[in-house]
Number of protein chains: 2
Amino acid sequence: MKNILEELRIKNGFTQQELAEKLEVSRQTIISLEQGRYNPSIILAFKTARLFGLTIEEIFIYEEG
Amino acid sequence: MKNILEELRIKNGFTQQELAEKLEVSRQTIISLEQGRYNPSIILAFKTARLFGLTIEEIFIYEEG
DNA sequence: TACAAATGTCAAGCTAGCTTTACTTTTATT
DNA sequence: AATAAAAGTAAAGCTAGCTTGACATTTGTA
C-alpha cells in the first residue's frame, strides 16, 4: 500500500504533531504511515479520509495482491 | 463500524467458506466480520471492495467517533 | 426424520498496528 | 553559527485482527 499522507499534510500546512492530534494518534504513527512502515487500521483510514475530505481510496492506494 | 458483508455474500450466493477463500482469509474471520466482532484490516477491506465491485465506504460504514 | 451442509462457538497463539519514552538528525530562522 | 522546531530512529510493550482446530447448533433436503 502506498499513500499520499505526507503530500496532503504539507499541502494543508500541518506538522506531524498537528496531524497526529487531529487524527488522535501518536506522532510515531504518522511517521510510520508516511514512511510506509505499516498500513493504517480501517478506522484511522476513515478518520484520515474525513479530515481531508477525500475517500479512503484516494489517500491509500492498494497495490494488487 | 457496521458492514453489509453478510447481505453481499448472500446476494452473491456465496457460503462463508467460499467468501473466505475468495478473500484469502479463514472462515472464522468472515464470521467475526459478519458479526461485527472486529473490524477488517484495510487490506481486507480493499480486497472485499474489489471482489464486490464496490467502494470500501459502501461496504463498511464508519460511525463517527 | 436422518443426514449433510452451513453456520456458530470457544480457546489458544501469532503478528501488525499503535503507544510511550528517550534520543538524534535535519531544517529554518535569527 | 546558535538555537529551536520539526522530523527521524530505536526499542519495548499492549491489543486488535487473524489463524487453526475441535466441537455444537441450525438449516435444508432426500
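Per chain, numbering begins at 1; letters A, B, ... match sequence-line order.
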What closest approach, in Å, do B/Ile59 and B/Ala49 show between heavy atoms, and which atom pair accounts for it?
-> CD1-CA, 3.6 Å
Interatomic distance, A/Leu23 CG vs C/dG17 P [rounded to whole Å] | 16 Å
Under 4.0 Å: is that the gap between some side-chain N or O of B/Gln16 and OP1 or OP2 of C/dG8?
-> yes
Would you tell me if any nitrogen or oxygen in the side chain of B/Asn39 comes within less than 4.0 Å of OP1 or OP2 on D/dG17?
-> yes
Less than 4.5 Å apart, any side-chain heavy atom of A/Phe14 and any of A/Leu8?
-> no
Dot-bracket for DNA chain C: what is it, with Watson-Crick or G-U pairs under 3.5 Å, [ ] where a pair crosses earlier ones, and | for a pair to another strand?
-> ||||||||||||||||||||||||||||||
Quick one: does A/Glu57's side chain get under 4.5 Å of A/Tyr62's, heavy atoms only?
-> no
Taking the side chain as every heavy atom from C-beta outward, state whether B/Leu44 and B/Thr29 have any pair of such atoms under 4.5 Å apart.
-> yes
Please determine if a side-chain N or O atom of B/Ser41 lies less than 4.0 Å away from the OP1 or OP2 oxygen of D/dA16.
-> no
Roughly how many Å is it from CG in A/Leu19 to P in D/dG8, rounded to a whole number?
-> 13 Å
D/dG17 P sits how many Å from B/Phe46 CZ, rounded?
-> 17 Å
Test item: B/Asn39 and A/Phe46 side chains (from C-beta on) under 4.5 Å apart, heavy atoms | no
Please state how far atom CD1 in A/Ile30 lies from atom P in D/dA6, giving the value in whole angstrom units.
-> 15 Å
Side-chain contact, heavy-atom cut-off 4.5 Å: B/Leu51 with B/Leu19?
-> yes
What does the list of N/O pairs under 3.5 Å between the protein and nucleotides 19-21 of chain C look like, with a distance for each?
residue: C/dT19; atom: OP1; partner: A/Ser26; partner atom: N; Å: 3.2
residue: C/dT19; atom: OP2; partner: A/Ser26; partner atom: N; Å: 2.7
residue: C/dT19; atom: OP2; partner: A/Ser26; partner atom: OG; Å: 2.6
residue: C/dT19; atom: OP2; partner: A/Thr29; partner atom: OG1; Å: 2.3

Report the residues that fulfil side chain to side chain donor-acceptor pair (under 3.5 Å) with A/Thr15, sequence neighbours left out, ordered by chain and then residue number.
-> none
Whole angstrom value for the distance that separates C1' of D/dA22 from CD1 of B/Ile31 | 13 Å
Where do A/Met1 and B/Ile43 come nearest, in terms of heavy atoms and distance?
-> CG-CD1, 3.6 Å
For DNA chain D, what residues of residues 1-15 of chain B have any heavy atom nearer than 4.0 Å?
-> none
Figure out the CZ/C1' separation between A/Arg37 and C/dT15, and round it to whole Å.
-> 15 Å
ILVMFWY network linking A/Ile10 to A/Leu54, side-chain heavy atoms under 4.5 angstrom | no
Is A/Glu7 salt-bridged to A/Lys11, cutoff N-O under 4.0 Å?
-> yes
Considering only heavy atoms from C-beta outward, does the side chain of B/Thr48 approach that of B/Phe60 to under 4.5 Å?
-> yes
Please tabulate, one pair per line, all N/O donor-acceptor pairs under 3.5 Å involving side-chain atoms of residues 30-38 of chain A, not counting sequence neighbours.
residue: A/Ser32; atom: OG; partner: A/Gln28; partner atom: O; Å: 3.0
residue: A/Glu34; atom: OE1; partner: A/Arg9; partner atom: NH2; Å: 3.3
residue: A/Glu34; atom: OE1; partner: A/Gln16; partner atom: NE2; Å: 3.4
residue: A/Glu34; atom: OE2; partner: A/Arg9; partner atom: NE; Å: 2.5
residue: A/Glu34; atom: OE2; partner: A/Arg9; partner atom: NH2; Å: 3.4

Per nearest nucleotide of DNA chain C, the residue lying toward the 5' end, B/Glu34 or B/Ile42, is B/Glu34
How long is the gap from NZ on B/Lys2 to CD on B/Glu63, to the nearest 0.5 Å?
-> 5.0 Å
Whole Å only: how far is the CG atom of B/Leu33 from the P atom of C/dT7?
-> 15 Å
Determine the contact category for A/Gln35: base if any of its heavy atoms lies under 4.0 Å from a base atom, sugar-phosphate if only primed atoms, P, OP1 or OP2 are that close, otherwise nothing.
-> sugar-phosphate
Could A/Glu21 and A/Arg27 be called an ion pair, given the rule that one side-chain N must be under 4.0 Å from one carboxylate O?
-> no
Can you name the atoms? Protein N/O to nucleotides 27-30 of chain C N/O, anything below 3.5 Å, with the distance.
none

